[in-house]
Amino acid sequence: MVATPRTAALLVVLASAVSVCRPAPESRAPSQDTAFAGTLAPVQRVRSFPPGVARPVLRQVETNAGAGASPGYDRLVFEFTGDSVPGYRVEYATKPVQHCGSGDLVTVAGTGRLIIRFEPAQAHDEHGGLAPIERYRVPGVPAVRELRLICDFEGQVAWVLGIAAPSEYRVSELTRPARLVLDVRHTP
């Protein structure tokens, strides 16, 4: 059989299609979430509660280290008492970070410092007991290197996250229980 130029071109196209459709080797790195729609700009939601209604209490902060890790981003979940998340503001710090009340400077690992401020809220119960008890963590995930509670004072709760390098983040809310979900994209 004599191969014509047309037959040879068809074979090249067919071979290319087969190589493109072939599954990738198993040793690939986890893929980024290409649908990740995040921002570097501040995200804010203002909320108030009627007089006599207790402030939401921050019960726990969870990170996605280990088996629950998400491909392409780190997830933090702030869980509160009640049916709704308090008001919040999430933004990268442009000035040195300070503890509220004392004004002491706070340092965290990484080149980005992401502040999450909740208001009205508290991180202690009505007897003054700490909730959550853990107020500092090194989660062992790629983007979020360190997190530290920097404020639980006069109806404000704030955390600073040390981010490996400033990267996009997204915020969402869940109910029952009330949770603020913060996803921070891994840097490429």
Side-chain angles (χ1 to χ4, degrees), residues 38-39 41-70 73-110 112-141 143-163 167-185:
T39 184
V43 174
Q44 180 170 336
R45 180 153 189 184
V46 176
R47 281 218 173 87
S48 59
F49 292 88
V53 173
R55 290 182 188 134
V57 176
L58 179 63
R59 289 199 294 212
Q60 64 180 354
V61 179
E62 297 177 3
T63 57
N64 67 337
S70 303
Y73 58 91
D74 295 344
R75 173 164 284 176
L76 283 84
V77 179
F78 296 86
E79 183 179 317
F80 291 86
T81 59
D83 292 333
S84 65
V85 172
Y88 56 86
R89 182 171 176 89
V90 182
E91 66 184 325
Y92 278 101
T94 57
K95 299 185 289 189
V97 177
Q98 298 176 304
H99 277 281
C100 72
S102 71
D104 293 341
L105 292 178
V106 177
T107 59
V108 288
R113 297 174 322 275
L114 191 60
I115 307 287
I116 302 97
R117 186 173 314 282
F118 299 100
E119 185 178 4
Q122 59 191 49
H124 59 277
D125 63 24
E126 65 276 2
H127 305 293
L130 302 179
I133 293 174
E134 187 178 29
R135 297 179 163 231
Y136 171 80
R137 183 181 308 168
V138 176
V141 294
V144 180
R145 299 295 168 89
E146 189 174 0
L147 56 149
R148 180 184 305 267
L149 180 76
I150 58 170
C151 189
D152 179 16
F153 186 67
E154 295 186 351
Q156 290 187 10
V157 172
W159 289 78
V160 61
L161 308 181
I163 307 296
S167 61
E168 294 180 333
Y169 63 90
R170 63 185 173 197
V171 179
S172 56
E173 295 179 37
L174 302 172
T175 57
R176 293 184 177 69
R179 291 162 286 165
L180 180 105
V181 177
L182 176 68
D183 295 329
V184 180
R185 189 172 199 162

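Just so it is clear, the model here is predicted, and its values are computed rather than measured. In this chain, numbering begins with 1 at the start of the sequence shown.
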Next on the checklist: For a salt bridge (charged side-chain N to carboxylate O under 4.0 Å, His left out) check, start with the C-alpha distance between R170 and E168, then their side-chain angles and the critical distance, and finish with the verdict.
Outcome noted: CA-CA 7 Å; R170 63 185 173 197; E168 294 180 333; over 6 Å; no
Item to check | Partner set under ring pair (Phe, Tyr, Trp, His ring centres under 6.0 Å) for F80, not counting sequence neighbours | outcome: F118
Item to check | Non-neighbouring partners of R137 that pass side-chain hydrogen bond (donor to acceptor under 3.5 Å, both in side chains), sequence neighbours left out | outcome: E134
Checklist entry - Which residues pass the salt bridge (Lys or Arg N to Asp or Glu O under 4.0 Å) test with E62, sequence neighbours left out? => result none
Item to check | Results of salt bridge (Lys or Arg N to Asp or Glu O under 4.0 Å) for R148 - residues two or more places apart only | outcome: E146
Next on the checklist: My understanding is that only residues two or more places apart in sequence, or in another chain, count here; which of them pass side-chain contact (heavy atoms from CB on, under 4.5 Å) with Q156?
Outcome noted: R117, E119, C151
Checklist entry - With R55, which residues qualify under salt bridge (Lys or Arg N to Asp or Glu O under 4.0 Å), at least two apart? => result none
Next on the checklist: Filter on ring-ring contact (aromatic ring centres under 6.0 Å, His included), then keep only pairs touching residues 120-139, sequence neighbours left out; what's left?
Outcome noted: none
Checklist entry - For V171, which residues count as a side-chain contact (heavy atoms from CB on, under 4.5 Å) partner, sequence neighbours excluded? => result V43, Y88, V90, Y169, L180, L182
Next on the checklist: Using 0.5 Å steps for rounding, measure from the OH atom of Y73 to the OG atom of S167.
Outcome noted: 13.5 Å
Checklist entry - Within a strict 4.5 Å, meaning less than it, do heavy atoms of the T63 and D74 side chains meet? => result no
Checklist entry - What pairs with R113 under side-chain hydrogen bond (donor to acceptor under 3.5 Å, both in side chains), at least two apart in sequence or on another chain? => result none
Item to check | side-chain hydrogen bond (donor to acceptor under 3.5 Å, both in side chains) against E79, all qualifying residues, sequence neighbours excluded | outcome: R59, Q60
Checklist entry - Quick one: are Y92 and I163 in side-chain contact, heavy atoms under 4.5 Å? => result yes
Next on the checklist: Listing request: all salt bridge (charged side-chain N to carboxylate O under 4.0 Å, His left out) pairs with a residue in residues 95-106, at least two apart in sequence or in separate chains.
Outcome noted: none
Next on the checklist: Strictly by salt bridge (charged side-chain N to carboxylate O under 4.0 Å, His left out), give each pair with a member in residues 150-159 just once, sequence neighbours left out.
Outcome noted: R135-D152
